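Take a look at the structure below.
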Amino acid sequence: MNTTSSTIIGGPHGRSDARAATMKAIVQQAYGSADVLRESEVATPVITADEVLISVRAASVNHADWVYTSGRPLIARLAFGLGKPKQVIRGKDVAGVVASVGANVTRFRVGDEVYAELEAGTFAEFAVAAEKLLAHKPANLTFEQAATVPLAARTALQGLRDGGKLRPGQKVLINGASGGVGTFAVQIAASMGAEVTAVSSGRNAALVRTLGAANVIDYGREDFTASGRQYDVILDLIGNHSLGKLRRVLTRTGTLVLSSGTGGRIIGPMGRIMRALLMSPFVSQNLRTFTPSVGSESLDQLRDLIESGVVTPAIDRTYPLSQVPEAIRYFAEEHASGKIVITVAQ
Ligand SMILES: NC(=O)c1ccc[n+]([C@@H]2O[C@H](COP(=O)([O-])OP(=O)(O)OC[C@H]3O[C@@H](n4cnc5c(N)ncnc54)[C@H](OP(=O)(O)O)[C@@H]3O)[C@@H](O)[C@H]2O)c1
């Protein structure tokens, strides 16, 4: 595998100056397999007055990184760039130390330990964040642990709270409970006082029980849509059952939250989600997705949950920056138990 080149290109925002030092980053100049990701020497990014430069300690892998890499589903290229990605440095989640701040930045100082979910650019030694996207890192987590939180835990929190409107005492089923999002969702749902049923392989049953699942369904042995048991909320992170089958195991006024699935080559899971949204007004159940809200507010809420001991990241594997292609290949197999971490600096 060739992950090294000496190309010098612009930073995540395309800004660089002739005096800037260079840094190592994982860049992508075309869509394709993980082989399109190359470790390159690029210009260290330059911040504007509203931005913060982060010295990256760790990042983590998300489904969005694989979508960006592969350019699949094709509809994603409308946002990412038609022929090749507009933002060439991969990576969305980051934990690190503030290296410099713009003139208008008020909440952060050089040396602060921070974490964030960015549009791109975190598989690199330095990353640029708008101040509004940044939050102080949970004090009780390592940088590796903190880097697992922003996108996946935010998805879990917003999926259950905003999408599912989950209330104490309700029965919630999480399909895909042992993955990056699912391991946070089990813990957050349990902390909200719900009775959690986790759907995972038998291999991961002990993990999801430890995280707070009262019941575990091994998808290799039992189809939860045929069980006859009903749930107030289903958070579907896999998308492997028809809407009809999922509705059969929802209570009469239950809520199905779709956040999921690979789907077809062109529009991915969007077809299924659109069908659910169109059907929802005509049935007694709520079939919905949720609008992701990215920024410091959800990171501050997650920090409270983490520092109070309610939520702890589950980490499957850790790779160095140079091995991001291997990390993405492993993620694309869709069998990670928890999160995959990229260590950038000690
Ligand atoms: N809307 C949003 O903002 C948003 C954000 C992030 C993610 N997502 C979606 O959420 C989904 C999950 O993301 P992720 O990061 O958690 O993925 P992930 O980490 O790759 O999930 C892997 C997990 O899925 C489990 N799994 C595989 N097949 C399964 C099956 N048939 N039934 C139940 N579990 C199964 C695996 O368990 P075993 O290894 O035990 O088989 C593994 O633990 C993605 O499809 C993504 O599109 C949405």
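Counting starts at 1 for both ligands and their atoms, in listed order. The model shown is predicted, which means the values in this text are computed figures rather than measured ones.
- Residue Ser201 has at least one heavy-atom neighbour below 4.0 Å for each of these atoms of ligand 1: 38 (P), 40 (O), 41 (O).
- Contacts between Thr155 and ligand 1, counted as non-hydrogen atom pairs separated by less than 4.0 Å, involve the side chain only.
- Around atom 6 (C) of ligand 1, the closest heavy atom drawn from Asp65, Leu151, Ile340 belongs to Leu151.
- Between Ile238 and ligand 1, a contact under 3.5 Å exists for no N or O pair.
- Residues that satisfy the salt bridge (charged side-chain N to carboxylate O under 4.0 Å, His left out) test with Glu119, not counting sequence neighbours, are Lys92.
- Both the backbone and the side chain of Ser259 come within contact range of ligand 1, each with a heavy atom under 4.0 Å.
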Could you walk me through whether Asp218 and Asn204 pass side chain to side chain donor-acceptor pair (under 3.5 Å), step by step? CA-CA 9 Å; Asp218 171 356; Asn204 285 317; over 6 Å; no
Could you go through Arg154 and Glu117, starting from their C-alpha distance and side-chain angles, then the distance that decides it, and tell me whether this counts as salt bridge (charged side-chain N to carboxylate O under 4.0 Å, His left out)? CA-CA 9 Å; Arg154 191 262 308 148; Glu117 173 185 346; 2.8 Å; yes
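- For Asn240, a nitrogen or oxygen atom sits less than 3.5 Å from a nitrogen or oxygen atom of ligand 1, counting backbone and side chain alike.
- Comparing heavy-atom distances from atom 19 (O) of ligand 1 across Gly180, Gly220, Pro269, Gly176 singles out Gly180 as nearest.
- Of the listed residues (Arg154, Glu334, Lys92, His63), the one carrying the non-hydrogen atom nearest atom 46 (C) of ligand 1 is His63.
- When each atom of ligand 1 is checked for a heavy atom of Asn175 under 4.0 Å away, the hits are 32 (N), 33 (C).
- Within the structure, ligand 1 has Ala336 among the residues with a heavy atom less than 4.0 angstrom away.
- Residue Val196 is grouped with residue Val311 when hydrophobic side chains (ILVMFWY) are merged at heavy-atom distances under 4.5 angstrom, including chains of intermediate members.
- The list of salt bridge (Lys or Arg N to Asp or Glu O under 4.0 Å) pairs with a residue in residues 276-293, not counting sequence neighbours, is empty.
- Contacts between Asn62 and ligand 1, counted as non-hydrogen atom pairs separated by less than 4.0 Å, are absent for every part of the residue.
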Might you work through the salt bridge (charged side-chain N to carboxylate O under 4.0 Å, His left out) test for Arg272 and Asp236, ending with a clear yes or no? CA-CA 12 Å; Arg272 186 161 175 274; Asp236 184 14; 3.1 Å; yes
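- Assignment of Leu237 to the shell around ligand 1 is supported, since a heavy atom sits closer than 4.0 Å.
- If you check each of Tyr219, Tyr330, Phe184 against atom 33 (C) of ligand 1, the one with the closest non-hydrogen atom is Tyr219.
- The backbone N or O of Asp93 sits nowhere less than 3.5 Å from a side-chain atom of Tyr115 that would complete a donor-acceptor pair.
- Contact annotation for Arg203 and ligand 1: only side-chain heavy atoms (C-beta onward) come within less than 4.0 Å of the ligand.
- When side chains are defined from C-beta on, Val105 does not count as touching Glu51, because their heavy atoms never get closer than 4.5 Å.
- Atoms of ligand 1 lying under 4.0 Å from any heavy atom of Ser178, numbered from 1 in the order shown and given with element: 36 (C), 37 (O), 40 (O), 42 (C), 43 (O).
- Between Tyr68 and Phe80, the two ring planes are parallel [angle under 30°; tilted spans 30° to 60°].
- In this structure, the side chains of Leu133 and Ser296 stay at 4.5 Å or more apart for every pair of heavy atoms.
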